[in-house]
Chemist: 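Sharing a structure with you now.
Residue numbers run from 1 in the order of the sequence given. Only a predicted model underlies this, so the values are computations on that prediction, with no experimental measurement involved.
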Amino acid sequence: MPKLTIDGQEIEVEQGTVLIQACEQLGIEIPRFCYHERLAIAGNCRMCLVEVSPGPPKPQASCALPCADGMVVKTNSPMVKKAREGVMEFLLINHPLDCPICDQGGECDLQDQAMHYGAGTSRYSEHKRAVEDKYMGPLIKTQMTRCIHCTRCIRFSTEIAGVPELGAFGRGEHMEVGTYVEQSITSELSGNLVDICPVGALTSKPYAFVSRPWELKKTESIDVLDAVGSSIRIDSRGQSVLRVLPRVNEAVNEEWISDKTRHACDGLRVQRLDRPYIRNTEGKLVEASWQEAFTLITEWFRLIPPEEIGAIAGNLACMESMMALRDLLDSVGVFNRDCRSDGAMLDSQRSHYLFNTTIAGIEQADVCLLIGTNPRREAAMVNARIRKAWRAGGLRVHLVGAEVDLTYPYEYLGNDARILSEILDGRDPLAQELANAKNPMIILGASVMGRPDADEIFTAAKSIAQKYNMVKEGWNGFNVLNHAASRVGGMDIGFLPTPEGKDINKMIDDCRREEMKLVYLLGADDFDMGLLGNAFVIYQGHHGDEGAHRADIVLPGAAYTEKEATYVNLEGRVQRTKRAVFPPGQAKEDWAIIRALSDALGKPLPYNTLEQLHARMAKVAPHLVNVNDITPATWLPLPELRERFRISDLPLSEYILNFYMTDPISRASKTMAECVRELSNSANLLRVA
């Protein structure tokens, strides 16, 4: 390990560490534009110059110079100061003076570093160079005259996103960055290009000219539009959420988020339910008071036997609301309930519905078998982590299911789940590869769990995991990839039918036979509402989506940006949202609605505050007290391994056909609608059903 001295401080670093990283370890700030710790080193902006001895009598780029034993580095010498002023002067030669109208103003690295490291004057008097703007789709606004050719965007799209559609063409003064052939960027991570651009060349098109950063209230929260639980920052002004940005969380999303997470927030402002509604005798929903709605619900609950009442929790339901609804249903003797709104027959054993490897653990795997899943659509940040592990050179991926573009190469094993039997008995070559692997893993997709033969496929996958040592001390390679943010939390607190109760499939069958008379939808918009037949439907949610259109009573709830709520992500990590704005109109937090309804039914719930409700949740699921942590699930091995399974020859289907519209919020988003129009013809990303 080399030892060197930086500004009089001695430091020992790992072999291969570059100077800029060593300076960061000492807390010494080095200006940079092209360097990014998650991207390959380019060394082309020259802003990170330092003085190094022994060495040539000129400043050197610290991002591209490996540390060596005996180096003496100066980061603030007169030579370095003059060099940085010269580099900044060159960078600003062609940069337009449009800071007052630039969306990057206030968050611009070039602006900040010009102020701190620049000379404050320019000797350049010639005409500035102008570059034609490029079209990159509905999410990215370009002003390429501002581009300083740092190539961060090119390296991100090639290395992280896996969609090499950006590049540089031309030489010298004529060099430009673009898409070669003008087209939309087809990556589901394209919004991150705006974050990594150090100048205003790439900015957010939906957010253009909306506000300045100092006008915004910033709230740290999590995303719930998929089950990853990406760490985000919600920027709001008044009662409006204006944008969503990523927060650094190395264990979950690093510093990236998907385009849906980032840009679906405009859907929070439209099609909102802001007051209760009751369907009148003419079949129209009319405004009502809370008291009128609760009175009508009470009458129906008294008229209908408990066995003819059911409840379904949707994909965005928080744990507080599911816990309160479960307690209320228990108090009135209703045991027909389910949080698996897509009909997935997940086992109640915790290790059977978690992503046990964890997202960060993917980087330790050397073989991955995907079964009936497209993680690029179902969990974009999981797919990005798989790609990262593949790029590191240690992960080999195999796929059983629909053949799709995952942004990394894989061995395609076909679309017949019966191959799992061949892997298990050793007839398929993958069996030997799994046997020789150090940390093999399986990822079972959500589409598998809705099939008639789900139990057989699940048992086959678990048998493979058990036979090929995927579960051992310090490693659990058996994973179920859930898409719904509410799924793991609902399973944890038991929002499932009791032995005498009915699951969603049986409830729907009873609705068809008119044996289920009342259905309570807790934000459930994720299945065909026509399957509910003539049942009386109570819908509690925040958007006028499918559930509200079908409902006979509508109770307006709060979206995830409008409440403090608990979710458990796909790996079992307990997370909390924070309130950024208040719900619109008469809408209330979901658990508070259910608590008020319990009074109307004469069965008051034993908690009046969020803290009391959290204590109740912790009694049901003790691991919920460990916020931001994962409590590993206990693995229960199969008593015996089978080699033959009754698996259908039905092809494995894709779970998500339209990445941009998977929930009421994204379906209400104008930006997501534009993405669908622009990118629906791209075979790489989505096929609109």
Chemist: Under 4.0 Å between a Lys/Arg side-chain N and an Asp/Glu carboxylate O for Asp330 and Arg326?
Modeler: yes
Chemist: Within the 4.5 Å heavy-atom criterion, are His614 and Glu320 side-chain neighbours or not?
Modeler: yes
Chemist: Please examine the side chains of Gln586 and Pro276, heavy atoms only from C-beta on, and report whether any two atoms are closer than 4.5 Å.
Modeler: yes
Chemist: Are Asp525 and His543 close enough that a side-chain donor and a side-chain acceptor fall under 3.5 Å?
Modeler: no
Chemist: Can you see whether Asn315 engages Ser486 through a side-chain donor-acceptor pair at a distance of less than 3.5 angstrom?
Modeler: no
Chemist: Less than 4.0 angstrom from a charged side-chain N to a carboxylate O is my criterion; do Asp338 and Arg340 meet it?
Modeler: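 Salt bridge flag = yes for Arg340 with Asp338.
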Chemist: I'd like to know if the side chain of Ser447 and the backbone of Gly372 have a donor-acceptor N/O pair within less than 3.5 Å.
Modeler: yes
Chemist: With sequence neighbours left out, what residues match Glu514 under side-chain contact (heavy atoms from CB on, under 4.5 Å)?
Modeler: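 Testing Glu514 for side-chain contact (heavy atoms from CB on, under 4.5 Å), a comparison that skips the adjacent residues, returns Asn534.
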Chemist: In terms of side-chain heavy atoms, does Asp590 have a donor or acceptor partner in Ser321 at a distance below 3.5 Å?
Modeler: no
Chemist: Side chains of Tyr520 and Asn336 only: does a donor on one sit below 3.5 Å from an acceptor on the other?
Modeler: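 Judged by distance alone, the side chains do not pair up.
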Chemist: Do the side-chain N and O atoms of Asn356 and Ser351 include a donor-acceptor pair separated by under 3.5 angstrom?
Modeler: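 There is no such pair (donor and acceptor under 3.5 Å, judged by atom type) between the side chains of Asn356 and Ser351.
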Chemist: Give the table of side-chain donor-acceptor pairs shorter than 3.5 Å for residues 293-301, with sequence neighbours excluded, one pair per line with atom names and distance.
Modeler:
residue: Thr295; atom: OG1; partner: Gln291; partner atom: O; Å: 2.7
residue: Thr295; atom: OG1; partner: Gln291; partner atom: NE2; Å: 3.3
residue: Thr298; atom: OG1; partner: Phe294; partner atom: O; Å: 2.7

Chemist: Are any non-hydrogen side-chain atoms of Thr498 and Arg337 less than 4.5 angstrom apart?
Modeler: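 Counting from C-beta outward, Thr498 and Arg337 do come under 4.5 Å.
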Chemist: Please report the C-alpha distance between Ile222 and Tyr560 in whole Å, then the side-chain angles of each, then the deciding distance to 0.1 Å, and finally whether the side chain to side chain contact (heavy atoms under 4.5 Å, CB included) criterion is met.
Modeler: CA-CA 9 Å; Ile222 61 160; Tyr560 74 102; over 6 Å; no
Chemist: When rounded to the nearest 0.5 angstrom, what is the spacing between CZ in Arg262 and CD1 in Ile257?
Modeler: 4.0 Å
Chemist: For Val471, is there any backbone N or O sitting under 3.5 Å from a side-chain donor or acceptor partner on Asn476?
Modeler: no
Chemist: Checking the side chain of Tyr567 only, and the main-chain atoms of Leu316 only, is there a donor and an acceptor separated by less than 3.5 Å?
Modeler: yes
Chemist: Answer with yes or no whether the side chains of Asn253 and Ser230 bring together a donor and an acceptor at under 3.5 Å.
Modeler: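 Absent: no donor and acceptor within the cut-off.
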Chemist: Are Lys506 and Asp503 within salt-bridge range, i.e. N to O under 4.0 Å?
Modeler: no
Chemist: Check whether any side-chain heavy atom of Glu564 lies under 4.5 Å from a side-chain heavy atom of Lys578, and answer yes or no.
Modeler: yes
Chemist: Is there a side-chain contact between Leu601 and Leu597 (heavy atoms, below 4.5 Å)?
Modeler: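 Yes - at least one pair of side-chain heavy atoms lies under 4.5 Å apart.
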Chemist: Checking Thr261 against Met381 for the side chain to side chain contact (heavy atoms under 4.5 Å, CB included) test, could you report, in this order, the C-alpha distance in whole Å, the side-chain angles of both residues, the deciding distance, and whether it holds?
Modeler: CA-CA 11 Å; Thr261 297; Met381 301 320 304; over 6 Å; no
Chemist: How far apart are the C-alpha atoms of Arg550 and Asp552, what are their side-chain angles, what is the distance that settles it, and do they pass the salt bridge (charged side-chain N to carboxylate O under 4.0 Å, His left out) test?
Modeler: CA-CA 7 Å; Arg550 172 60 183 83; Asp552 297 289; 3.7 Å; yes
Chemist: How long is the straight-line distance from NZ of Lys462 back to CG of Asp455, given to the nearest 0.5 Å?
Modeler: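 Separation between the atoms: 12.0 Å.
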Chemist: Rounded to the nearest 0.5 Å, what's the gap from CZ on Phe527 to CD1 on Ile312? Could you check?
Modeler: 4.0 Å
Chemist: Is there side-chain contact between Met491 and Leu496, with heavy atoms separated by less than 4.5 Å?
Modeler: yes
Chemist: Below 6.0 angstrom between ring centroids: does that apply to Phe645 and Phe458?
Modeler: no
Chemist: Measure the CD1-CZ distance between Ile234 and Arg247 for me, rounded to the nearest 0.5 Å.
Modeler: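 Answer rounded to 0.5 Å: 9.0 Å.
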Chemist: When you check the gap from the basic side-chain N to the acidic O, do Asp342 and Arg487 get nearer than 4.0 Å?
Modeler: yes
Chemist: Any salt bridge linking Glu456 with Arg642? Criterion: basic side-chain nitrogen under 4.0 Å from a carboxylate oxygen.
Modeler: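 Salt bridge present between Glu456 and Arg642.
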Chemist: Heavy-atom distance under 4.5 Å between the side chains of Thr634 and Arg350, does that happen here?
Modeler: no
Chemist: Under 4.5 Å between any side-chain heavy atoms of Thr219 and Arg579, yes or no?
Modeler: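 The answer is no; the side chains never approach within 4.5 Å.
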Chemist: Roughly how far, to the nearest 0.5 Å, is the CD1 atom of Ile464 from the CG atom of Leu420?
Modeler: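 Taking CG in Leu420 and CD1 in Ile464, the distance rounds to 4.5 Å.
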Chemist: Regarding Lys260 and the six-membered ring of Phe659, is the cationic atom NZ or CZ under 6.0 Å from the ring centre and inside 45° of its axis?
Modeler: yes
Chemist: If the threshold is 4.0 Å, N to carboxylate O, is there a salt bridge linking Lys563 and Glu589?
Modeler: no
Chemist: Within the side chain of Asp545, is there an N or O that forms a donor-acceptor pair under 3.5 Å with the backbone of Gly547?
Modeler: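 Side chain of Asp545 to backbone of Gly547, a donor-acceptor pair under 3.5 Å: no, none is there.
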Chemist: Salt-bridge test for Glu562 and Arg272: reply yes if a basic N is under 4.0 Å from a carboxylate O, no otherwise.
Modeler: yes
Chemist: Quick one: does any side-chain atom of Asp259 pair with a main-chain N or O of Gly191 as donor and acceptor, under 3.5 Å?
Modeler: yes
